[in-house]
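Remarks on the structure that follows.
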Amino acid sequence: MSKLTDAFTSGKAFIPFIVAGDPDETSTLNNILAMAKAGADIIELGIPFSDPVADGTVIQAGDLRAFEGGITVDKIFGIVKAAREQIQTPIVFLTYANVPFKYGYDRFCAQCQALGVNGLVIPDLPFEEQGEIRPFTQKCGLDLIMLITLNSGDRVPALAKAAEGFIYVVSTQGITGERDEFDHRLSALFAQIKEYTEVPAALGFGIHTPAQAKALSQFADGIIVGSAIVELAAQHGTAAAAAIGKYTAEMKAALA
Ligand SMILES: O=P(O)(O)OC[C@@H](O)[C@@H](O)c1c[nH]c2ccccc12
């Protein structure tokens with residue numbers, strides 16, 4: 001069984017996201033440890049990218065801070081290596097396709113396996129184009145996380161059947177960023193997914209309060225939060241771990 005799927009066995013999963021290197025490597029390591037200690041079930045670590053088309057202004061700003069701090073893919077691997085000396089919480093990379101492509105799929109996936117990354121979320125790699133990386137993720141035991149949206153339509157069965165680890169259900173047709181309302185069709189989408197797979201499905205995009213997490217977890221197996229946490233990193237800089245840990249604990253408690 002996938003360690004990512006295992007993370008859903010003790011109840012609803014809380015999956016926080018931060019930008020790796022925001023604002024530096026040490027802060028990211030501290031933030032990862034704080035989220036793990038506060039009960040994060042899976043940590044989603046974003047690899048900054050120059051053209052983050054699915055990201056709103058908060059995460060774009062986090063990417064820029066990370067680039068200003070001199071972050072590189074190899075330094076991010078170093079952060080994971082250091083984290084793995086202290087925590088076993090599953091980690092997935094959130095990365096745009098060009099990053100592993102330029103690094104070399106084989107070398108990138110081998111590094112992930114060696115350092116204990118459990119899966120990849122590649123938002124701009126459509127299901128039909130995953131064939132180029134899948135041999136390497138499979139060889140290295142990495143789950144390739146499927147994204148399903150309200151627009152997935154008649155592709156839902158194929159996406160659900162191909163799912164590994166967990167499914168990332170995107171709550172809106174827009175970009176990342178805090179929202180106050182969610183589409184009423186989401187519960188039906190989760191029910192449809194469950195007709196085709198037992199792989200757990202987590203909901204992301206827009207969620208930022210414990211009340212939202214509690215309500216949406218009535219049908220979602222897990223809740224993913226990024227922008228609200230990256231905003232804490234923006235506010236607290238190199239001393240964000242305490243605030244991020246506190247927020248993580250509050251969101252995890254809402255899922256109990
Ligand atoms: O920021 P939000 O609205 O809480 O959504 C999670 C999102 O940030 C995180 O999962 C993520 C960051 N960048 C992405 C790009 C595509 C899909 C998902 C992401």
Side-chain angles (χ1 to χ4, degrees), residues 4 7 13-22 28 31-32 35 40-67 71 76 90-100 117-127 130 143-152 159 165-183 186 201-213 215-217 220-235 244 247-248 250-252 254-255:
L4 295 176
F14 181 58
I15 306 173
F17 165 92
I18 54 166
V19 173
D22 174 17
T28 297
N31 294 338
I32 288 171
M35 292 187 292
D41 296 289
I42 295 171
I43 290 170
E44 193 179 287
L45 195 52
I47 299 181
F49 186 54
S50 53
D51 184 22
V53 293
D55 282 303
T57 54
V58 170
I59 290 177
Q60 286 183 35
D63 285 1
L64 287 177
R65 290 193 297 270
F67 284 130
I71 199 64
I76 294 170
I91 293 171
V92 297
F93 276 151
L94 185 294
T95 180
Y96 286 88
N98 195 46
V99 171
V117 174
N118 304 95
L120 302 178
V121 183
I122 310 178
D124 60 342
L125 187 64
F127 176 56
Q130 290 178 355
D143 289 327
L144 192 52
I145 303 307
M146 216 57 71
L147 289 100
I148 293 179
T149 77
L150 288 161
N151 285 342
S152 294
L159 294 170
F166 67 92
I167 293 166
Y168 193 133
V169 179
V170 178
S171 76
T172 171
Q173 283 115 353
I175 54 178
T176 61
E178 294 184 11
R179 293 171 185 275
D180 293 327
E181 291 181 359
F182 295 89
D183 197 302
L186 284 169
L203 181 67
F205 278 52
I207 306 167
H208 56 97
T209 69
Q212 289 173 338
L216 294 165
S217 64
D221 301 315
I223 296 295
I224 301 165
V225 174
S227 295
I229 295 174
V230 176
E231 185 54 39
L232 291 174
Q235 289 166 14
I244 289 174
Y247 178 82
T248 298
E250 287 166 1
M251 293 299 272
K252 177 65 181 169
L255 301 179

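For ligands, and for the atoms within them, numbers begin at 1 and follow the listed sequence. We count residues from 1, following the sequence as given.
Close N/O approach between Gly226 and ligand 1 is found [any backbone or side-chain N/O within under 3.5 Å]. Among the atoms of Pro123, none of the N or O lies under 3.5 angstrom from an N or O of ligand 1. Residue Gly206 places at least one N or O, backbone or side chain, under 3.5 Å from an N or O of ligand 1. Considering backbone and side-chain N/O of Glu178, none are found under 3.5 Å from N/O of ligand 1. Checked against a 3.5 angstrom limit, the closest N/O atoms of Thr176 and ligand 1 fall outside it.
The heavy-atom pair separating Gln60 from Pro52 by the smallest distance is CG-CG, 3.8 Å. The minimum heavy-atom distance between Asp124 and Ala97, with the atom names listed, is OD1-N, 2.7 Å. Among all heavy-atom pairs drawn from Ala7 and Ile42, the shortest one is CB-CG1, 3.6 Å.
Here the side chain of Asp221 pairs no donor or acceptor atom with the backbone of Ala202 at under 3.5 angstrom. Proximity of a side-chain donor or acceptor of His208 to a complementary backbone N or O of Val225 within less than 3.5 Å is not detected. Between the Asp22 side chain and the Ala66 main chain, no donor and acceptor come within less than 3.5 Å of each other.
Residue contacts with ligand 1, taken as heavy atom pairs separated by less than 4.0 Å, involve Leu94 solely via side-chain atoms from C-beta onward. With a heavy-atom cut-off of 4.0 Å, His208 does not touch ligand 1 at all. Looking at Phe49 against ligand 1, nothing comes within 4.0 Å, counting heavy atoms. Residue contacts with ligand 1 for Val230 are absent, since no atom lies close enough (heavy atoms, distance under 4.0 Å). Residue contacts with ligand 1, taken as heavy atom pairs separated by less than 4.0 Å, involve Phe205 via backbone and side-chain atoms alike. Here Ala54 has side-chain heavy atoms under 4.0 Å from ligand 1, and that is the only part of it that gets that close.
Taking the six-membered ring where tryptophan is involved, the planes of Phe205 and Tyr168 are perpendicular, since the angle between them exceeds 60° and thus also 30°.
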Show your reasoning for whether side-chain contact (heavy atoms from CB on, under 4.5 Å) applies to Arg179 and Gln212.
CA-CA 10 Å; Arg179 293 171 185 275; Gln212 289 173 338; 5.8 Å; no
side-chain contact (heavy atoms from CB on, under 4.5 Å) between Met35 and Ile18, intermediate numbers included:
CA-CA 10 Å; Met35 292 187 292; Ile18 54 166; 3.8 Å; yes
Evaluation steps, side-chain contact (heavy atoms from CB on, under 4.5 Å), between Thr176 and Asp55:
CA-CA 5 Å; Thr176 61; Asp55 282 303; 3.1 Å; yes
Any chance you could lay out the side-chain contact (heavy atoms from CB on, under 4.5 Å) test for Val19 and Ile59, step after step, and finish with the verdict?
CA-CA 7 Å; Val19 173; Ile59 290 177; 4.2 Å; yes
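Each of the atoms 1 (O), 2 (P), 3 (O) of ligand 1 lies under 4.0 Å from some heavy atom of Gly177. Listed by number with element, the atoms of ligand 1 under 4.0 angstrom from any heavy atom of Tyr96 are 15 (C). Remark: ligand 1 atoms within the under-4.0 Å shell around heavy atoms of Ile224 are 10 (O). The contact set between ligand 1 and Val225, taken as ligand atoms under 4.0 Å from a residue heavy atom, comprises 4 (O).
Taking atom 6 (C) of ligand 1 as the reference point, the nearest protein heavy-atom neighbour is Tyr168 OH, 3.4 Å. The single protein non-hydrogen atom nearest to atom 9 (C) of ligand 1 is Glu44 OE2, 3.1 Å, given as residue, atom name and distance. Scanning the protein for heavy atoms near atom 1 (O) of ligand 1, the closest one is Ser227 OG, 2.5 Å. Ranking protein heavy atoms by distance to atom 13 (N) of ligand 1, first place goes to Asp55 OD1, 2.7 Å. For atom 8 (O) of ligand 1, the nearest protein heavy atom (residue, atom name, distance) is Ile59 CD1, 3.0 Å.
Between Leu45 and Thr28, the closest side-chain pair of non-hydrogen atoms falls below 4.5 Å.
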